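I have placed the structure first, in the form of C-alpha cells, so that the comments after it can refer back to it.
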There are 2 protein chains.
Amino acid sequence: MLLTDRQLLILQVIVDDFIRSAQPVGSRSLSKKEEISFSSATIRNEMSDLEDLGYIEKTHTSSGRVPSEKGYRYYVDHLLSPQVLNQHDVTIIQSIFAEKIFEFEKIIQRSAKILSELTNYTSIVLGPAVSINKLKRIQIIPLNKETAVAIFVTDTGHVENRTFSLPPSVDASDLEKTVNILNERLAGVPLEDLNDKIYKEVAMLLRQHIHNYDLMLHTVADSLKMPINEKLFFGGKTNMLSQPEFHDVAKLRSLLTLIDQEEWIYNLIRNDSAGIHVKIGRENNNSVMDNCSLITATYSAGVENLGTIAILGPTRMEYSRVISLLQFLSKDLTAVLTKLYQNK
Amino acid sequence: MLLTDRQLLILQVIVDDFIRSAQPVGSRSLSKKEEISFSSATIRNEMSDLEDLGYIEKTHTSSGRVPSEKGYRYYVDHLLSPQVLNQHDVTIIQSIFAEKIFEFEKIIQRSAKILSELTNYTSIVLGPAVSINKLKRIQIIPLNKETAVAIFVTDTGHVENRTFSLPPSVDASDLEKTVNILNERLAGVPLEDLNDKIYKEVAMLLRQHIHNYDLMLHTVADSLKMPINEKLFFGGKTNMLSQPEFHDVAKLRSLLTLIDQEEWIYNLIRNDSAGIHVKIGRENNNSVMDNCSLITATYSAGVENLGTIAILGPTRMEYSRVISLLQFLSKDLTAVLTKLYQNK
DNA sequence: TGTTAGCACTCCTAGTTACCGAGTGCTAAT
DNA sequence: ATTAGCACTCGGTAACTAGGAGTGCTAACA
C-alpha cells in the first residue's frame, strides 16, 4: 500500500522533529509547523493511519507519536534529502589530511576522533586490511642466544614484528642465509599468503642451504600464524551518555560493555559490500542495540575494499547529516589511500 | 589528639561496613556486630566525638554516619590490617605469566584486564618506559624512491618504526653505509639518548663517507624526535557504572571523559617514588575525582623504576584488598621484568 | 564517672491523592 | 474531505502522609 503525499510529508516531519527534540510529536504542535497547512484534526486522522501501517507508534494511549523502526527505515530509504555539508564540516574533515601522510594509522585515528566530535555519536573505524599488503622486506634480528625478533615491512610502510625462540642449533650465518632466501622468494607476496608460500616454495630451498632447516622453517612460519588483525579505532565512546535514551544506567552499561568487545564490533562493522549501509535498531540482531542505529561506509584503494568507517548512535539519529559526513570522509580516505598505494 | 581504642574500633567498623554496604552506618546496627560489646547509646556518644574530630560525617541531621576523607585517610594509614590474598586471586594473577613471555606489552595488557576483573574497579597500567631501552639494531628499508621506513629494535625486543621522506640525492649504497655507521656507533645506546649521540658522534663519521650527509642525518634524527611515549592500558573502564556513587549520569560522564584524556591520566599515575601510594578524594586535585580514590604501585627491573599499575575506584574502595593485589602483582611484574632485562 | 535505657525529635523514603496539560479519538458541522 | 469541538486518557508534578531508622539529650544506674 502506497502512502499519499500528505502522509509522506507528515511522516517526514514527525521523524525530523523527533530526531531534533527526542519528544513524542503531537498533532497540535505539528499543525503549527510552516510546511503544514492543514488542521490538527486532519493530522490526527493521518497519524492514526500511519500508526495502523506501522510507521509510527504511541508511547502510551494519549501520547504523541514516535517513529517506529519501520518508520525510520522508510525515512532513510525514501524521505532522506541528500544534504550538502556546510563549509565548516568540510574544513574540519579536510584538516585530517593536512599533514603529510606517512602513517596511515594516524589518519584513521584522527578520522575516528573528528567524526565523533562532528556528530556527537560514537565513531568506529576499522583500519586498512594489512594482510593484503605485499611484503617488502623481512628482517630477523637476534636479541640474544635464545630469542630473535622477525620484522615484516610491507610496501605501504606498515611494520609487523614477532618475537620467537631461536632453535638452539642456529647460528648467525644460518640466520642470514634464511633471511636472504625469504626475501628473495617472498618479496611482493601478500602477508596473508606468506604462510602458504613458505611451505610451498621456501621449504625446499632452505633444505638445500640450511642445516636443521625444518626447525627454522617452522619457527618463522609459526611466528606468522598470529593473525594480523585489522585494528579498530574508536572515537567518542562516552558520547552515548549525552543521549537521553541512555539516561538509564543499566542500558548504558550493557551498551558500553558491548562496545568494548572488539571481536563483536569487528563482526558488526566488517561489511562485505562497498558503500553506505544503515542498520536500524533490531536490524543489528542484538537486543542491546535495539535503540541504536549503525551507519557504515567503506573506503578503498583503487578498486580494493580496505576498511570501514561507522557511526553508532541512537535510532533517533541525524541520518542525513551522518550519511553525508561518512560519504565525504570515505571519498577522501579512498583518494588518499589510492594515491598512497599507487605509489607502491 | 589521640583516639581511644574504642574510637579506633568504631571508626574501623564504620569504614568497613560502609565500604561493604554503601549505606550510612547507624549506632544500632553497629551495636549488633560481634566485635562490638557496648550499647548503641555509647556508640552514639563516641560517634559524636568522631564526628567532631572530622573522621565521620552525617548525610543529614538524623542519618547514620559515613567516613569523611580524613576518616578514610586515617583508616588507610593506621587501621588497615595487611590482608592475605586468597588462593583464588593468587592463581588468577599468576595466570598472567603462564605463557612464555615475548611481548611485554601483552603481559601489561593482560594485567590491566585481570586487575579490573578481580577488583571490579578501573585499572590503569603504564607500560614500561621504552625510552630507557638500549638500541639493538637500526634498519632502514626504502619503500620507493621518496620514502623509507626506519626500524629501531631494542635489546628487550621492542620495535619502533618511523616512515620518512628520503632526500632526493640518496642512493642505495648511501643508505647502506649510513645504516652500518649508525649500528656501529649507536648499538647499546638508550633510545632517549639517540638524538644527542647522532649529532655528537655520528655526524662526523657520516660526513666522511656520505655525500650530502647532512640531509641524511637530519632526516634520520628527525624521525626519532617523535616522542616514544609509554603506553597506557586500561581495564574495566565501565566498571564505574556499577558503583552506586555513579548512578548519576552527569557525574559518570565527567569521570569517563576524564579517564579518556590520556595526557591527564598519564600525569596522574606517573609516580615519582616507588611503592604503593593511596590518594583519596580531593587529594587527587580534581573535582571530578572527589568521590574517587586512586591506588598506585610501581614495578621495576632490578633497581630501575619502569612503570606504574593503578586502580581507580570510589573513595568507598576495598583498600585492603586492592593494596594486597597491587603489591602482589607489582612484585611479580618486577620479577619477570628483572629476569627479562638481565637476559639482556 | 562511664555506661545505658528511654524518649522526643529529625528527616528520608515510599505510597497516596489531586491536578494540570498535552494529546487522542470520535462526532457532527462545514 | 476537512475541521471544530468535546470527552477522555494518561504521564508528570506537587503536596501530603505515614513509617522507620537514626540522632541527641536526659536521667538513672553500676
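Note: hydrogens, waters and symmetry copies are ignored here, and every other heavy atom, side chains too, is used. Note that this is a predicted model, so its numbers are computed, not measured.
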inquiry  = Apply side-chain contact (heavy atoms from CB on, under 4.5 Å) to residues A:Ile295 and A:Met317 and explain how you reach the verdict.
reply    = CA-CA 10 Å; A:Ile295 307 185; A:Met317 188 197 268; 3.5 Å; yes
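For B:Ser62 against C:dT10, a side-chain N or O and a base N or O form a donor-acceptor pair under 3.5 Å.
Per the geometry, CZ belonging to B:Phe38 stands 17 Å off C1' belonging to C:dA5, to the nearest Å. Atom pair B:Asp49:CG and C:dG2:C1' shows a separation of 13 Å (rounding to whole Å applied). Between the CD1 atom of B:Ile10 and the P atom of D:dT23 there is a distance of 11 Å, given to the nearest Å. Following rounding to the nearest Å, A:His60 (NE2) and D:dC8 (P) show an atom-to-atom distance of 19 Å. Across the protein-nucleic acid pair, B:Asp52 atom CG and D:dT23 atom P stand 14 Å apart, rounded to whole Å. For the pair A:Lys32 NZ and C:dA22 P, the interatomic distance rounds to 8 Å; values are reported in whole Å. Distance CZ (A:Arg28) to C1' (D:dC6): 15 Å, rounded to an integer number of Å.
Ring orientation note: the planes of B:Tyr72 and B:Phe18 are tilted relative to one another, at an angle of 30° to 60°.
Within the 4.0 Å cut-off from OP1 or OP2 of C:dT24, at least one side-chain nitrogen or oxygen of A:Ser27 is found. Distances shown here put every side-chain N or O of A:Thr42 at or beyond 4.0 Å from the OP1 or OP2 atom of D:dT2. A sub-4.0 Å separation between OP1 or OP2 of C:dG23 and a side-chain N or O of A:Ser40 is absent.
Residue B:Arg28 qualifies as open at atom CZ: its count of foreign heavy atoms under 6.0 Å is 12 or below.
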Protein proximity profile, nucleotides 24-30 of chain D - base contact B, sugar-phosphate-only contact S, no contact -, cut-off 4.0 Å on heavy atoms = BB-----
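The only member of A:Gln23, A:Lys33, A:Arg65 that meets side-chain hydrogen bond (donor to acceptor under 3.5 Å, both in side chains) when paired with A:Asp17 is A:Lys33.
Side-chain N/O atoms of A:Thr42 and A:Ser39 include a donor and acceptor closer than 3.5 Å.
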